[in-house]
J.: 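Take a look at this one; I'll ask things after.
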Amino acid sequence: MSDSISNLDPYKFLKIKHNPDGSLTRFAPLPSAQATPQLTTDSQLTLSKDIPLNPTNSTFLRLFRPVSPATNRKLPIIIYFHGGGFILFSATSDPFNRSCSTISAHTPTLMISVEYRLAPEHRLPAAYDDAVEAVCWLRDQALGINGCDEWLTEFADFSQVFIMGSSSGGNIVYNAGLRVPDLDLNPIKIVGLIFHQPFFGGVERTGSEIRHVNDRIAPLVATDLMWSLALPEGSDRDHPYCNPIRDIDDISRDEKIKRLPRCMIRGYFGDPFYDKQIEFADMLESRSVDVIRTFVEGFHGIEVFEPQKAQLLYDDVKNFVSLFVEKKSTL
């Protein structure tokens with residue numbers, strides 16, 4: 001965009017209206033995709049179905065499985081959180097549905113895409129609470145509490161669980177990842193976290209934010225508005241929900257960071273959040289977290305528009321998951 005930041009109306013850019021009751025009217029949601037529990041075309045990559053998570057909160061899970069999974073081994077599991085700045089989109093939104101379907105078939109894995117609550121109707125930590133509830137749901141499935149879904153019974157390797165998020169979904173992965181070590185998750189085991197272009201920020205502008213102040217996907221006035229609608233009332237962007245560097249001197253939080261499993265931090269050099277992502281990776285490594293960094297040319301969300309970039313994402317996820325699958329097969 002060539003317009004100055006002061007001339008951009010973030011509400012019009014995001015196609016939202018903030019109502020007097022605190023809710024949002026979302027004028028242009030992404031096209032929604034239906035679950036496909038049965039094979040309908042010869043080219044179909046996966047089967048999918050929706051499973052209630054918490055009916056009171058209207059949250060649910062969309063479970064994906066390859067059409068013809070291998071019969072000689074169980075499949076790893078990826079719990080996935082979509083992007084949208086915490087205020088937009090759904091697990092049913094077509095780009096996320098297609099991405100989860102392709103990753104499930106390409107890796108192959110069982111993908112569990114979480115329909116979490118959106119802000120400002122449900123400000124943070126609502127989405128983080130929903131993430132932990134999804135992890136606990138998977139644990140209960142493994143334990144057979146109230147039964148176990150037939151796809152999980154037949155195909156799931158509960159000892160190979162990953163948590164993945166894109167953009168704001170990456171923030172969900174981090175904050176859920178800090179909580180789960182305090183939970184009794186046996187018999188499931190979370191072995192890796194995947195942060196795809198995570199949506200971190202802070203009060204102080206970074207160099208990449210300044211360079212991309214009018215980014216085509218994430219201009220700063222729009223992302224500032226997203227954070228103002230998502231964070232707890234009265235908070236600024238240095239709240240640890242937004243700025244993961246802010247409270248790292250907190251001893252209890254520091255210890256939780258050290259307990260994180262291997263992480264892949266993936267992104268694009270042209271992303272406004274690039275500098276914050278590098279800062280995040282540096283912080284994890286300084287606390288002895290095993291970090292794999294994968295950055296390529298592109299802008300925030302480019303994989304939605306360019307199939308080649310999408311394929312790079314799918315390959316990177318497959319390679320990361322394979323590190324654990326191959327290690328397990330040699331034990």
Side-chain angles (χ1 to χ4, degrees), residues 14-37 46-65 77-101 104 110-141 145-152 161 163-177 179-180 183 199 225-233 241:
L14 295 170
K15 298 180 176 62
I16 59 174
K17 176 185 176 183
H18 202 186
N19 301 315
D21 65 357
S23 66
L24 286 187
T25 299
R26 300 164 176 88
F27 292 109
L30 293 175
S32 183
Q34 297 295 317
T36 54
T46 61
L47 303 178
S48 61
K49 60 182 171 183
D50 294 336
I51 301 171
L53 177 60
N54 186 327
T56 301
N57 293 332
S58 299
T59 55
F60 63 87
L61 310 167
R62 178 159 289 184
L63 175 61
F64 298 81
R65 49 149 284 202
I77 302 164
I78 299 178
I79 303 174
Y80 176 80
F81 300 93
H82 67 79
F86 301 105
I87 69 169
L88 297 172
F89 311 141
S90 164
T92 69
S93 297
D94 185 65
F96 305 120
N97 185 78
R98 283 189 285 109
S99 181
C100 287
S101 177
S104 176
L110 295 172
M111 292 287 291
I112 302 174
S113 185
V114 182
E115 178 76 349
Y116 57 85
R117 289 171 291 172
L118 298 180
E121 293 89 347
H122 306 281
R123 289 178 175 267
L124 297 175
Y128 302 153
D129 294 340
D130 295 342
V132 173
E133 190 166 20
V135 173
C136 291
W137 175 88
L138 184 62
R139 174 204 61 197
D140 291 348
Q141 290 285 295
I145 297 176
N146 297 320
C148 182
D149 180 84
E150 60 183 350
W151 289 0
L152 294 174
V161 179
I163 309 179
M164 174 181 177
S166 181
S167 194
S168 55
N171 302 55
I172 297 175
V173 171
Y174 178 59
N175 282 275
R179 293 195 201 181
V180 293
L183 303 173
F199 177 50
L225 176 59
M226 287 176 163
W227 279 118
S228 73
L229 295 171
L231 287 168
E233 293 278 5
Y241 290 163

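Only heavy atoms go into these numbers, but all of them, side chains included; no hydrogens, no water, no symmetry mates. All residue numbers refer to positions in the sequence shown, counting from 1.
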J.: Would you give the length of the straight line joining atom CG of N57 to atom NE2 of H122, rounded to the nearest 0.5 angstrom?
T.: 7.0 Å
J.: Drop me the distance from W137's CH2 to D130's CG, to the nearest 0.5 angstrom.
T.: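 Going from CH2 on W137 over to CG on D130, the span is 14.5 Å.
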J.: Test side-chain contact (heavy atoms from CB on, under 4.5 Å) on E115 and L53; report intermediate values, then the result.
T.: CA-CA 9 Å; E115 178 76 349; L53 177 60; over 6 Å; no
J.: Output the distance between atom CG (L152) and atom CD1 (I51), rounded to the nearest 0.5 Å.
T.: 6.5 Å
J.: Nearest 0.5 Å please: distance from the CG atom of D94 over to the OG atom of S32.
T.: 8.5 Å
J.: Any idea which heavy atoms bring K15 and A28 closest together, and the distance?
T.: CD-CB, 3.3 Å
J.: Would you say the side-chain atoms of N171 pair up with the backbone N or O of F199, donor to acceptor, closer than 3.5 Å?
T.: yes
J.: Is the shortest side-chain heavy-atom distance between L183 and C136 below 4.5 Å?
T.: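 Counting from C-beta outward, L183 and C136 do come under 4.5 Å.
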J.: Going through the checks in order, is the side-chain contact (heavy atoms from CB on, under 4.5 Å) test met by H18 and L225?
T.: CA-CA 11 Å; H18 202 186; L225 176 59; over 6 Å; no
J.: Are R62 and T92 close enough that some pair of their side-chain heavy atoms sits under 4.5 Å apart?
T.: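 Yes. Closest side-chain heavy atoms under 4.5 Å.
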J.: Looking at A230 and G85, what are the two nearest heavy atoms and their distance?
T.: CB-O, 4.3 Å
J.: Check whether any side-chain heavy atom of L47 lies under 4.5 Å from a side-chain heavy atom of P37, and answer yes or no.
T.: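 No, every pair of side-chain atoms sits at 4.5 Å or beyond.
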J.: Could you tell me if the side chain of F81 sits less than 4.5 Å from the side chain of S168, heavy atoms only?
T.: no
J.: Show the nearest heavy-atom pair for residues R26 and A119, with the distance to one decimal.
T.: NH2-O, 3.0 Å
J.: Start with the C-alpha distance between L229 and I16, add both sets of side-chain angles, then the distance that settles side-chain contact (heavy atoms from CB on, under 4.5 Å), and finish with yes or no.
T.: CA-CA 12 Å; L229 295 171; I16 59 174; 4.1 Å; yes
J.: Does a side-chain heavy-atom distance below 4.5 Å link M226 with F86?
T.: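 Result no, sub-4.5 Å side-chain heavy-atom pair not found.
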J.: Could you check whether the rings of F89 and F96 sit parallel, tilted or perpendicular, using 30° and 60° as the cut-offs?
T.: tilted
J.: Checking the side chain of Y116 only, and the main-chain atoms of I172 only, is there a donor and an acceptor separated by less than 3.5 Å?
T.: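 No: the side chain of Y116 does not pair with the backbone of I172.
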J.: Begin with the C-alpha distance, continue with both residues' side-chain angles, and end with the deciding distance and a verdict on side-chain contact (heavy atoms from CB on, under 4.5 Å) for S93 and S90.
T.: CA-CA 5 Å; S93 297; S90 164; 3.8 Å; yes
J.: Which distance, rounded to the nearest 0.5 Å, do you find between the CH2 of W151 and the CG of L63?
T.: 5.5 Å
J.: Should L61 and L138 count as side-chain neighbours, where that means a heavy-atom distance under 4.5 Å?
T.: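 No. Closest side-chain heavy atoms not under 4.5 Å.
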J.: Got a donor-acceptor contact below 3.5 angstrom from the R65 side chain to the L110 backbone?
T.: no
J.: Under 4.5 Å between any side-chain heavy atoms of R117 and D129, yes or no?
T.: yes
J.: Nearest 0.5 Å please: distance from the OG atom of S48 over to the CD1 atom of I112.
T.: 13.0 Å
J.: With no hydrogens and no angle check, is any side-chain donor or acceptor of S23 less than 3.5 Å from a backbone partner on E121?
T.: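 No, S23 side chain to E121 backbone: no donor-acceptor pair under 3.5 Å.
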J.: Could you check F64 against Y80 for ring-ring contact (aromatic ring centres under 6.0 Å, His included), going step by step and ending with a plain yes or no?
T.: CA-CA 11 Å; F64 298 81; Y80 176 80; 9.0 Å; no
J.: Got M164 and I79 here, is their nearest side-chain heavy-atom distance under 4.5 Å?
T.: no
